[in-house]
Chemist: 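This is the structure I have questions about; it appears just below.
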Amino acid sequence: MTSVDKAGAAETLERAPRRGRVRKGAPLPLLLPALIGLAFLLVPLVALLVRAPWRSLPDLLTSTEVWQALQLSLVCATAATAVSLVVGVPLAWLLARVEFPGRGLVRALVTLPLVLPPVVGGVALLMALGRNGVVGQWLDSWFGITLPFTTTGVIVAEAFVAMPFLVISVEGTLRAADPRYEEAATTLGASRFTAFRRVTLPLIAPGIAAGAVLAWARALGEFGATITFAGNFPGRTQTMPLAVYLALQNDPDAAIALSLVLLAVSIAVLAGLRDRWMTAS
Amino acid sequence: MTHTEKMRHRATATPGSEGLDARLVVQRGSFRLDVALTAAPGDVVALLGPNGAGKTTALRALAGLTPLTGGHLRLDGTELDRMPPESRPVGVVFQDYLLFPHLSALDNVAFGLRCHGAPKAEARAQAAEWLDHMGLADHAGSKPRRLSGGQAQRVALARALATRPRLLLLDEPLAALDARTRLEVRARLRRHLAEFEAVAVLVTHDPLDAMVLADHLVVIEDGRVVQEGAPPDIARHPRTDYIAHLVGLNLYRGEAEGHTVRVDRGPEVTTTEELTGPVFVAFPPSAVTLYRDRPTGSSARNLWHCEVTGLETNGDQVRADLTGPLRLAADLTTVAATELELHPGATVWAAVKAAQTHAYPA
């Protein structure tokens, strides 16, 4: 290549991105709605930052209510994720690896909470685990366990809503993973469970991590099922989203401050996830 | 001794006590695998066949990864049919090795020992010995993705051998390697198989691999055994087009009467053998001589007018595919091919001396 060519190429490279994309890739009838959509998604977040009471923020965030709510949120979301991992990963394995009649139906039912309005989930949980619920009455009379309007109830509600995210993510990873590694393990004398524990689990670890982060983020933001099933008691069942909603009624500045915290957590999760996805692929 | 007699002889030579005695029947949809296999300890048996013949299915059935729908499977007198794969004394080297990517070479080899109840330290010590034996002591800590194809194959072999299996299965053990490493790895694998004291069964579609590595060949086509025996016998007396093509022979089936074989739907071929009844007649492509015009002085008894359908250069040799009374392949030097002005569509006379043909009962 001659030096003239090089200079020309460099010039095209510099100019190409901005002009090229608009002219070649995006006709106006597509570009305009696309930009409106982008603005629609971004403007509210920017507004949150613009209206944030930056000066009084330190005081707002160090108040006991905020700390209580934040702590409760983190503890409950983490516990709900742990519950989801313990039962969700085996469930995903069952869906991905074992042929049984009605598997498609079971998979559909597992994903139902993804599309179900969370309030409906909360009502359903009350019917099942409430003091007079289908299962709850036995929990109460046999073990003296009451779930509604307790911190455990928050965890139950969050796990109900968040677990499908984990199951879907892990099942997808399992389907993409080569099942012949499990076969190789069994020819070496490993039982099916040992093969799962020592071979499959490490292989799908990135998928499990991604699913856990998704589930955790979903649990952290859970509102509808939580307030329906567990109520709104500060220090016991009042998580961050509930506190935000309550604060908005009487102290908008506090609501914005709390929202900023949740926004920061969400951005951190997204950054973490993107990293996972990049290493996983 | 006929083909079936030989099979029966082999089966009775190992009366169900030592070694492998199996009839593998697997029905899957319209495909049916029905293969009988017997081998004594120390034998290396190669299952040779085209893609889709059922070789890998047979191997998976031996390992217990595909259930048998019929037949039987005995190893050293023990019934394996109903035994789950993890309980079978079987080691497998998979086609692409399937080394666990998250474990080091050492832990891959130690995996089976741990599953058989060895304490961690002991399992790792034994695994280290195996790697040392394979000449891989320096790579014990390497993850599989850091290993070359040949090294990965040796780790896979060490992993399969570490549990001291009574039956070693190898699925296309050399297919994943490039031509250069293949030669060296094949020689090394041959040494390891030679020192293995139990039965080894390997699956391959490469006749050279099969002939170098195995002392007994079982050729499978379409789920059935079409021929089995010692590699040199099979190379000399192929019984199907597939094998003849593999070993590079022109092969025809026909009816013999004295020195003449009438090829099915073809001409007569004169041979030196004197036979009657159904026979195979075979000759190598190098035994064919080509002429542009009908030779007058040639003593060849077998002379056919053929058309060239294809030419393939291989070094200074040219392989010509011919049609005519017979479909046949002829080898000649590039010089001869140029002098004959060979090109697809050209017509030539092909001559084969009776002494160069070989007929044997079908």
Chemist: Can you spot which of A:V87, A:V83, A:V89 makes a side chain to side chain contact (heavy atoms under 4.5 Å, CB included) with A:L85?
Modeler: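 Single side chain to side chain contact (heavy atoms under 4.5 Å, CB included) partner of A:L85 among A:V87, A:V83, A:V89: A:V89.
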Chemist: With a 4.5 angstrom heavy-atom cut-off, is it the side chain or the backbone of B:L169 that approaches chain A, or both, or neither?
Modeler: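 Neither the backbone nor the side chain of B:L169 comes within 4.5 Å of chain A.
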Chemist: Look at the side chain of A:S169 and the backbone N and O of A:F165, then say whether any donor-acceptor pair between them is shorter than 3.5 Å.
Modeler: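 Answer holds: no.
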Chemist: At a heavy-atom separation under 4.5 Å, does B:R60 approach chain A through its side chain, its backbone, both, or neither?
Modeler: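 Only the side chain of B:R60 comes within 4.5 Å of chain A.
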Chemist: Examine whether an atom of A:A185 lies under 4.5 Å from a heavy atom of chain B, and if so say whether it belongs to the side chain, the backbone or both; otherwise answer neither.
Modeler: both
Chemist: Taking B:T69 for its side chain and B:V25 for its backbone only, find out whether a donor-acceptor pair lies under 3.5 Å.
Modeler: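 At least one qualifying donor-acceptor pair exists.
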Chemist: Please rank B:L103, B:V90, B:D96 by heavy-atom pairs under 4.5 Å with chain A and give me the top one.
Modeler: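 It is B:D96.
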Chemist: Any salt bridge linking B:R191 with B:E195? Criterion: basic side-chain nitrogen under 4.0 Å from a carboxylate oxygen.
Modeler: no
Chemist: B:S87 versus chain A, heavy atoms under 4.5 Å apart: side chain, backbone, both or neither?
Modeler: neither
Chemist: Ion pair present between B:R124 and B:D107, side-chain N to carboxylate O less than 4.0 angstrom?
Modeler: yes
